[in-house]
2 protein chains.
Amino acid sequence: MLQLTFLGTSAGVPTKQRNVTALAIECLNPYLSGSNQQQSKKSRPWLLIDCGEGTQQQLLHTKLSLHQLTAICITHVHGDHCYGLPGLLASAAMSGRTAPLILIAPKAISKLLDAVILATELHLPFAIDFMAIEDLLYQPNNENKGQVSISLDKQQQLAIDIHPLSHRVPSYGFGITQTISRRTLNTDKLLAAGIPASKVWGRLQQGEDVITEDGKQLRAADYVDNDEQRTRVVVAGDNDMPSLLASALQDTDLLVHEATYTNEVLTKIQAKNPDFDPMHSSAQRVGKFAQDMSLPNLILTHFSARYQRFDNPDSTTPNMAHIRLDAKSVYHGNLWLAADFAQYRVDGAVEVVEGQADSRVQYVGSARDSK
Amino acid sequence: MLQLTFLGTSAGVPTKQRNVTALAIECLNPYLSGSNQQQSKKSRPWLLIDCGEGTQQQLLHTKLSLHQLTAICITHVHGDHCYGLPGLLASAAMSGRTAPLILIAPKAISKLLDAVILATELHLPFAIDFMAIEDLLYQPNNENKGQVSISLDKQQQLAIDIHPLSHRVPSYGFGITQTISRRTLNTDKLLAAGIPASKVWGRLQQGEDVITEDGKQLRAADYVDNDEQRTRVVVAGDNDMPSLLASALQDTDLLVHEATYTNEVLTKIQAKNPDFDPMHSSAQRVGKFAQDMSLPNLILTHFSARYQRFDNPDSTTPNMAHIRLDAKSVYHGNLWLAADFAQYRVDGAVEVVEGQADSRVQYVGSARDSK
């Protein structure tokens, strides 16, 4: 199960209600049992996709801790997606983090951090395991091109796959696949073999081969079935060609994609200045693609600052209703428009979490869930 | 008249209630008349001293505009004082600013910006007039060492003088002197000379030499007195030796200085780890210096995140009362502890502006004005 918390949903510049882009993805393992389960609730690992300025301030209003942050993925070098990185790393350092941190980003981000560290005398007491996207994607002799695997706990694996997109600078989408292995005891088989419920069952489930008091040799592999629970979301960076994600969307529960404008506004912008194409998607363009792909769940984000957060189709002031209708005119799956601190749980289906992540305010449903 | 708006008052890391350091100083010219006065209200020039991450987000909740920002001064290279610079410049660019911007900062900030511009393909449609503090202070043959003069309008001059402080990296304080020249017509002298009130008076006051209808030659200089209104504040960067500002404080209305800890906490921190001196001031240390200097007005800021914003001397939780008492034990002038969005007008005396700058919340007096 993956839990998404939007930390910023504005394009280019922050507004009073939306910060610039950042998305937290927590990796929940509902099968961890007993004391592990408690630990999991307090310290579940999470990923950060993009880190616009002010991301660390947004985090202060959630329960997410910089100590449990496993990896940061940066979709592209534009400032509204990465200017929060130095401050977030500095604050992780001041909070005493020592665990290494994975950073998957375009090469230029590494150069940027080097310059920041040098110019501002920033001392990080933890290692940054930097993985340049260009190397991951294009290095020769790499069998798993654009793939990173991370072990989060004994049962839980995370795989991140990277997909080139189309924007004014190289931009990427990240496929995030959580796989949780679950061992289920085949009790029918045990009873049929004359092994009644006892501590032996527990030891077998933990994968231990057991010799019973009466000398029977029992192999865990014979009595334990391995299930796998798989959850997959795809998070795109800025991109004007959603179809580039066609192969990435195989067996995907949810796509998170930018929808900076409505189709009407995007067309006007392009007509007004033929020399400058913002290379963003409209809600309709993403919706059309999602519909063609029969995608069950779609969250749109990264809205131009012109769109107010209220939802009124009849208003001439650009607002969320216009974005929503633009997408719904072509997409018939489940659609949400992200707001700062909106939270979603993904586990086959997508569920809006009751109550939002912002510790300062009460849950207001209407502006967020626009299905 | 200078109007200070605190945009961030926390040391090192942001908290839920305090952002990292930034201070806006608006230059008000109360003598601008008529339509100029209207224009002045809408577009008065302002300075930004330090620019921690999230400064542009804080500005969204004030009436300050990036179009009227005249100069940015950075006290030192630590991230909590400068990581908001790239995003603020990028947003100024996206808002269509084309006017040049003065940036007075340590040389390393220029290198940092060069790296940011290169790595993140940031295009600024305005020039940055970068003045390296090291050059201003130490270049040979410079008669006005550490001085920058800026003309804001016909009547208003701003002078910025720079003072080296003591911190873990080179840190500086800025003296900001606003001088407003005011021409007052000597009406007694005019009447004594037989020149009655007429349009001639207005032309003389504007500095024009006039020949009257009856042929009298009147020189403006003979009938106009020049007043000067002078307002001076000193804003210090991180600094453990307030006495370095002794000469800067001549004829100064107000000092703004960091007070990261109480004396007790600072002593404990130094004793606990003799190998690492944070090189910050305690409230008491700054208060002692201000008292020795007979300084009339003192604002403390840059509080360690351990200090809660409430004001209760009896609480064992570190809070504003502890900082206040630490300073008041030695300082008997007017004392304020800054809070985010607190506003002060300086004009000889210092006045707390009724209502604070944050457009989101109502004015709450007690936490801010702790005289």
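When all heavy atoms of Ile74(A) and Ile72(A) are compared, the pair lying nearest together is CD1-CG2, 3.9 Å. Heavy-atom minimum distance, Ser166(A) versus Asp240(A): OG-OD1, 2.6 Å.
Legend: residues meeting ring-ring contact (aromatic ring centres under 6.0 Å, His included) with His163(A), ordered by chain and number and at least two apart, are absent. Remark: Phe6(A) engages Tyr344(A) in a ring-ring contact (aromatic ring centres under 6.0 Å, His included) (not counting sequence neighbours). Every side-chain hydrogen bond (donor to acceptor under 3.5 Å, both in side chains) that Ser282(A) has, sequence neighbours left out, goes to Asn263(A).
Without hydrogens or angle criteria, Asp135(B) side chain to Ile133(B) main chain gives no donor-acceptor distance under 3.5 Å. The backbone N or O of Leu103(B) sits nowhere less than 3.5 Å from a side-chain atom of Asp129(B) that would complete a donor-acceptor pair. Without hydrogens or angle criteria, Arg97(A) side chain to Pro100(A) main chain gives a donor-acceptor distance under 3.5 Å.
Top candidate by heavy-atom pairs under 4.5 Å with chain B, chosen from Arg168(A), His76(A), Met94(A), is Met94(A). Per-residue heavy-atom pair counts under 4.5 Å with chain B were compared for Cys82(A), Pro86(A), Gly79(A), Gly12(A), and the maximum is reached by Pro86(A). Of the listed residues Val20(A), Thr15(A), Thr120(A), the one with more heavy-atom pairs under 4.5 angstrom with chain B than any other is Thr120(A). Between chain B and the options Gly52(A), Gly54(A), Ala305(A), heavy-atom pairs under 4.5 Å are most frequent for Gly54(A). With chain B as partner, the option from His78(A), Glu121(A), His81(A) having the largest number of non-hydrogen pairs under 4.5 angstrom is Glu121(A). Heavy-atom pairs under 4.5 Å with chain A peak, among Pro14(B), Gly84(B), Ser91(B), Ala90(B), at Pro14(B).
Of all residues in residues 105-113 of chain A, those placing a non-hydrogen atom less than 4.5 angstrom from a non-hydrogen atom of chain B are Ala108(A), Leu112(A).
Interface residue Val116(A): backbone and side-chain heavy atoms are both found under 4.5 Å from chain B. For a residue to count as touching a neighbouring chain, one of its non-hydrogen atoms must lie under 4.5 Å from one of that chain's; by this rule Ser95(A) does not touch chain B. For Thr55(B), the part sitting under 4.5 Å from any heavy atom of chain A is the backbone (N, CA, C, O) and nothing else. Contacts of Leu88(A) with chain B are made by backbone atoms alone, with heavy-atom separations under 4.5 Å and no side-chain atom involved. Contact of Asp114(B) with chain A is not made at all, since no heavy-atom distance falls under 4.5 Å.
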**OP:** Check the pair His302(B), Asp238(B) against side chain to side chain donor-acceptor pair (under 3.5 Å), reporting the backbone distance first and the verdict last.
**Re:** CA-CA 8 Å; His302(B) 194 273; Asp238(B) 290 6; 3.2 Å; yes
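Two residues are said to be in side-chain contact when any heavy atoms from C-beta on lie closer than 4.5 Å; Leu124(A) and Leu122(A) meet this criterion.
A donor-acceptor pair shorter than 3.5 Å cannot be found between the side chains of Asn239(A) and Glu258(A).
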